Amino acid sequence: HLLIMIFTTFFGMFDVPTSLSDLPILTHIRKPAQPFAVFRTRDAVRAWAIGWLTRSQFEVDSASYTVGNLLISIFFDFALSVMSFLLGHGLHWTASLFTATFLSLCTFGMNLKTLCNLKSCRDEYWRWMHVYIEHLKQERQGYLQRQQDEQAEGGDTHFYEQKAEQLKTNLSIAYRDLAKYFDIPC
């Protein structure tokens, strides 16, 4: 058990994306919320293709746990850069001090860019999900209206009931996904 804990710690420390660390969850066969396909060759080699609705959803999903690490890294890289600059300004610039300052500034910039990209993806995903939810609501309302019209005419309403229930399930999945990433009540 100790070895598993050590490997898990290193796995988390190196910021392995959740698309790899949550692989057993993503590839579970009885999971209706995400599209996937399994391919098998004659030699019994399998390949899994996992899908997301949009690129922004993938980015938000795979980087949702790295925000804390990015913020910590940005803070310490900035502090290290300032300290290095003050040391170089107060004393004299050596090659190693200049290299350390340059590298910490590069890391600071890259982490800041990654954080901005993640913010952009979160905003796009938020907008896309609201459009998707409105579409599902309108489509469900249409099926419920057709069900009432068919019922008034004395026809079979089973198809419309099934479609409305399926859309209700899709709506609850969409709301659950929003609650997962944006801290809103389900």
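Since the structure is predicted, the reported quantities are computational estimates derived from the model, not experimental observations.
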One thing to verify: whether D123 and K119 come together as a salt bridge, which I'm taking to mean a side-chain N less than 4.0 angstrom from a carboxylate O.
yes
Considering only heavy atoms from C-beta outward, does the side chain of [X] approach that of [Y] to under 4.5 Å?
{"X": "T99", "Y": "L103", "result": "yes"}
{"X": "E161", "Y": "E165", "result": "no"}
{"X": "I133", "Y": "L178", "result": "yes"}

Should the ring pair [X] and [Y] be called parallel, tilted or perpendicular, given that the plane angle runs from 0 to 90° and is split at 30 and 60?
{"X": "W126", "Y": "H130", "answer": "perpendicular"}
{"X": "F108", "Y": "F78", "answer": "tilted"}
{"X": "Y143", "Y": "Y160", "answer": "tilted"}

Pair N111, S73 - check side chain to side chain donor-acceptor pair (under 3.5 Å), show working.
CA-CA 7 Å; N111 286 336; S73 181; 2.6 Å; yes
For the hydrophobic clusters of this structure (ILVMFWY residues joined by side-chain heavy atoms under 4.5 Å, transitively), does one cluster hold both V82 and I74?
yes
Between F98 and L87, is there a shared hydrophobic cluster once you connect ILVMFWY residues whose side-chain heavy atoms come closer than 4.5 Å?
yes
Search all heavy atoms of [X] against all heavy atoms of [Y] and return the closest pair with its distance.
{"X": "L144", "Y": "A164", "value": "CD2-CB, 3.7 Å"}
{"X": "S81", "Y": "S104", "value": "OG-OG, 2.9 Å"}
{"X": "T101", "Y": "L97", "value": "OG1-O, 2.8 Å"}
{"X": "M129", "Y": "A174", "value": "CE-O, 3.4 Å"}

With a 3.5 Å distance limit and no angle check, can you tell me whether S120 reaches the backbone of C116 through a side-chain donor-acceptor pair?
no
Assess the residue pair D149 and Q145 against the criterion (side chain to side chain contact (heavy atoms under 4.5 Å, CB included)); give the C-alpha distance rounded to whole Å, side-chain angles, the decisive distance to 0.1 Å, and a yes or no.
CA-CA 6 Å; D149 294 345; Q145 184 62 42; 3.2 Å; yes
Separation of [Y] [atom2] from [X] [atom1] (nearest 0.5 Å):
{"X": "F159", "Y": "R146", "atom1": "CZ", "atom2": "CZ", "result": "8.0 Å"}
{"X": "K137", "Y": "L167", "atom1": "NZ", "atom2": "CG", "result": "13.0 Å"}
{"X": "Q147", "Y": "D156", "atom1": "CD", "atom2": "CG", "result": "10.0 Å"}
{"X": "L112", "Y": "L70", "atom1": "CG", "atom2": "CG", "result": "9.5 Å"}
{"X": "F76", "Y": "I72", "atom1": "CZ", "atom2": "CD1", "result": "7.0 Å"}
{"X": "L171", "Y": "Q166", "atom1": "CG", "atom2": "CD", "result": "11.0 Å"}

Would you tell me whether Q162 and H158 have side-chain atoms, one donor and one acceptor, within less than 3.5 Å of each other?
yes
Heavy-atom count check: over 12 atoms from other residues, nucleotides or ligands less than 6.0 Å from Y132 OH?
yes
